[in-house]
Amino acid sequence: MNRITDFFEENKDEKYAQFQRKLIPTLNPEAIIGVRTPILRKFAKELKRDDTCVTFLQELPHRYFEENQLHGFIISEIPDFQSCILETERFLPYMDNWATCDQTSPKVFRKHREELLPYIKKWLASEHTYTVRFAIGMLMRHFLDEDFNVEYSELVAGISSDEYYINMEIAWYIATALAKQWAATIPYIENNRLDPWVHNKTIQKARESNRITKKQKEYLKQLKV
């Protein structure tokens with residue numbers, strides 16, 4: 001593991017660490033070293049071909065934010081679906097921040113949407129905040145275009161939570177769905193199907209989007225609660 005320790009030491013940036021600490025207030029400031037994301041992504045691609053990678057993926061939980069980021073980026077590069085799912089499910093309980101959750105996005109999932117769906121439904125039922133957030137994110141990435149089904153929006157809209165990072169992701173999902181599947185999604189706003197905070201946050205995010213027309217934005221403005 002010395003290779004990873006040396007990498008962090010060589011690439012740490014205290015000014016960037018201070019910036020990251022403000023963005024991720026739920027983490028202990030001392031857990032953030034300050035290694036920039038593009039550098040971590042590049043290192044993950046190098047590390048996946050190294051024997052160190054196997055040992056690293058088995059060592060959970062990690063101490064540092066950057067270790068979790070590196071872990072998520074390595075998982076995102078695994079080319080075999082079953083191996084990727086295995087590592088994803090092992091890692092999910094240890095996700096402890098929104099950034100690692102959102103930036104872990106396995107490429108292989110794009111080609112295996114049908115097999116992925118049962119796992120997403122299982123993750124949505126989790127009691128772990130970032131497992132639920134990850135599941136919503138996967139629905140948003142992979143099931144709002146040609147594989148869209150209103151059933152998936154029902155799953156998201158049906159989530160009731162007091163967790164900020166879950167509710168924010170619900171709002172992102174519905175706002176993105178409004179941009180991509182307006183006719184199927186606007187009833188969730190018109191019929192007040194969402195928690196009031198999520199409802200208004202969804203409208204805010206949708207109105208900030210350049211994929212929503214001016215007319216749609218004006219209509220959404222009238223639906224705030």
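What you see is a predicted model; the values in this text were computed from it and never measured.
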**Student:** So, Asn97 versus Thr100: side-chain donor-acceptor pair below 3.5 Å or not?
**Tutor:** yes
**Student:** Donor-acceptor check, side chain of Arg3 to backbone of Thr52, threshold 3.5 angstrom: yes or no?
**Tutor:** no
**Student:** ring-ring contact (aromatic ring centres under 6.0 Å, His included) between Phe43 and Phe7: does it pass, once the steps are laid out?
**Tutor:** CA-CA 9 Å; Phe43 185 55; Phe7 168 80; 3.8 Å; yes
**Student:** How close do Ala206 and Leu178 get, counting heavy atoms only, and between which atoms?
**Tutor:** CB-CD1, 3.9 Å
**Student:** Will you find, in the side chains of Gln222 and Glu218, an N or O donor that is under 3.5 Å from an N or O acceptor?
**Tutor:** no
**Student:** Between atom OH of Tyr173 and atom CG of Leu155, what is the distance when rounded to the nearest 0.5 Å?
**Tutor:**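 Between atom OH of Tyr173 and atom CG of Leu155 there are 8.0 Å.
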**Student:** Tell me, do Ile186 and Leu220 make a side-chain contact under 4.5 Å, heavy atoms counted?
**Tutor:**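 The answer is yes; the side chains approach within 4.5 Å.
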**Student:** Testing the basics here: between Cys84 and Ile78, what is the closest heavy-atom pair and its distance to 0.1 Å?
**Tutor:** N-CG2, 3.7 Å
**Student:** Using the salt bridge (Lys or Arg N to Asp or Glu O under 4.0 Å) definition, which of the options Arg110, Arg113, Arg141, Lys180 pairs with Asp147?
**Tutor:** Arg113
**Student:** Do Glu169 and Tyr164 have side-chain atoms, one donor and one acceptor, less than 3.5 Å apart?
**Tutor:** no
**Student:** Here's one to test your reading of the geometry: is the NZ or CZ of Arg41 within 45 degrees of the ring axis of Phe73 and under 6.0 Å from its centre?
**Tutor:**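 Yes, Arg41 lies over the aromatic ring of Phe73.
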**Student:** Please report the shortest heavy-atom distance between Ala135 and Leu124, naming the atom on each side.
**Tutor:** CB-CD2, 3.6 Å
**Student:** Taking it one step at a time, do Thr37 and Gln103 satisfy side-chain contact (heavy atoms from CB on, under 4.5 Å)?
**Tutor:** CA-CA 10 Å; Thr37 299; Gln103 293 175 354; 4.2 Å; yes
**Student:** So do the side chains of Glu154 and Arg193 get within less than 4.5 Å of each other, counting heavy atoms only?
**Tutor:** yes
**Student:** Rounded to the nearest 0.5 Å, how far does NZ of Lys224 lie from CD1 of Ile189?
**Tutor:**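 Taking CD1 in Ile189 and NZ in Lys224, the distance rounds to 12.0 Å.
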**Student:** Evaluate the salt bridge (Lys or Arg N to Asp or Glu O under 4.0 Å) criterion for residues Arg49 and Glu46: first the C-alpha distance (whole Å), next the side-chain angles of each, then the deciding distance (0.1 Å), finally the verdict.
**Tutor:** CA-CA 6 Å; Arg49 298 186 289 269; Glu46 296 174 4; over 6 Å; no
**Student:** Is Glu190 atom CD crowded by more than 12 heavy atoms from other residues, nucleotides or ligands, each under 6.0 Å away?
**Tutor:** yes
**Student:** Please find the pair of heavy atoms, one from Ser105 and one from Ser76, that lie closest to each other, and give the distance.
**Tutor:** N-OG, 2.9 Å
**Student:** Is it the case that the side chain of Gln181 and the backbone of Leu144 share a donor-acceptor pair, with hydrogens and angles ignored and the cut-off at 3.5 Å?
**Tutor:** yes
**Student:** Any salt bridge linking Glu89 with Lys122? Criterion: basic side-chain nitrogen under 4.0 Å from a carboxylate oxygen.
**Tutor:** yes
**Student:** Counting only heavy atoms not in Asp162, do more than 12 sit closer than 6.0 Å to its CG atom?
**Tutor:** no
**Student:** Could you point out which residue of Trp98, Tyr94, Trp123, Tyr119 forms a ring-ring contact (aromatic ring centres under 6.0 Å, His included) with Phe134?
**Tutor:**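 Among Trp98, Tyr94, Trp123, Tyr119, the one that satisfies the ring-ring contact (aromatic ring centres under 6.0 Å, His included) with Phe134 is Trp123.
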**Student:** Tell me if a side-chain donor or acceptor on Arg90 pairs with a main-chain N or O of Leu57 at a distance below 3.5 Å.
**Tutor:**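 Here the side-chain-to-backbone pair exists.
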**Student:** For the pair Arg133 and Glu163, evaluate salt bridge (Lys or Arg N to Asp or Glu O under 4.0 Å) and give the outcome as yes or no after the intermediate values.
**Tutor:** CA-CA 10 Å; Arg133 183 179 172 103; Glu163 292 288 343; over 6 Å; no
**Student:** Counting heavy atoms not belonging to Glu146, are there more than 12 under 6.0 Å from its CD?
**Tutor:**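 Yes, CD of Glu146 has more than 12 neighbouring heavy atoms, counting only those of other groups under 6.0 Å.
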**Student:** Distance from Ser161 atom OG to Met168 atom CE, nearest 0.5 Å?
**Tutor:** 13.0 Å
**Student:** What closest approach, in Å, do Met138 and Thr104 show between heavy atoms, and which atom pair accounts for it?
**Tutor:** CE-O, 4.0 Å
**Student:** Donor-acceptor pair, distance only, cut-off 3.5 Å: does the side chain of His62 make one with the backbone of Gln69?
**Tutor:**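 Judged by distance alone, no pair lies under 3.5 Å.
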**Student:** If I compare all heavy atoms of Arg211 with all of Ala179, which pair ends up nearest, and what's the gap?
**Tutor:** CB-CB, 3.8 Å
**Student:** Check this for me: Asp51, atom CG, are more than 12 non-hydrogen atoms of other residues, nucleotides or ligands nearer than 6.0 Å?
**Tutor:**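 Check fails, neighbour count at 12 or below.
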**Student:** Is any side-chain heavy atom of Lys201 less than 4.5 Å from a side-chain heavy atom of Lys205?
**Tutor:** yes
**Student:** Please determine whether the number of non-hydrogen atoms from other residues, nucleotides or ligands lying under 6.0 Å from atom NZ of Lys45 exceeds 12.
**Tutor:** no
**Student:** Is the shortest side-chain heavy-atom distance between Val132 and Ile159 below 4.5 Å?
**Tutor:**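 With C-beta onward as the side chain, the pair touches.
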**Student:** When you compare the side chain of Asp96 with that of Asn68, does any pair of heavy atoms fall below 4.5 Å?
**Tutor:**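 Yes, their side chains come closer than 4.5 Å.
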**Student:** State, with a plain yes or no, whether a side-chain heavy atom of Phe8 is found less than 4.5 Å away from one of Glu67.
**Tutor:** yes
**Student:** Calculate, to the nearest 0.5 Å, the distance between atoms OG and CE belonging to Ser153 and Met140 respectively.
**Tutor:** 11.5 Å
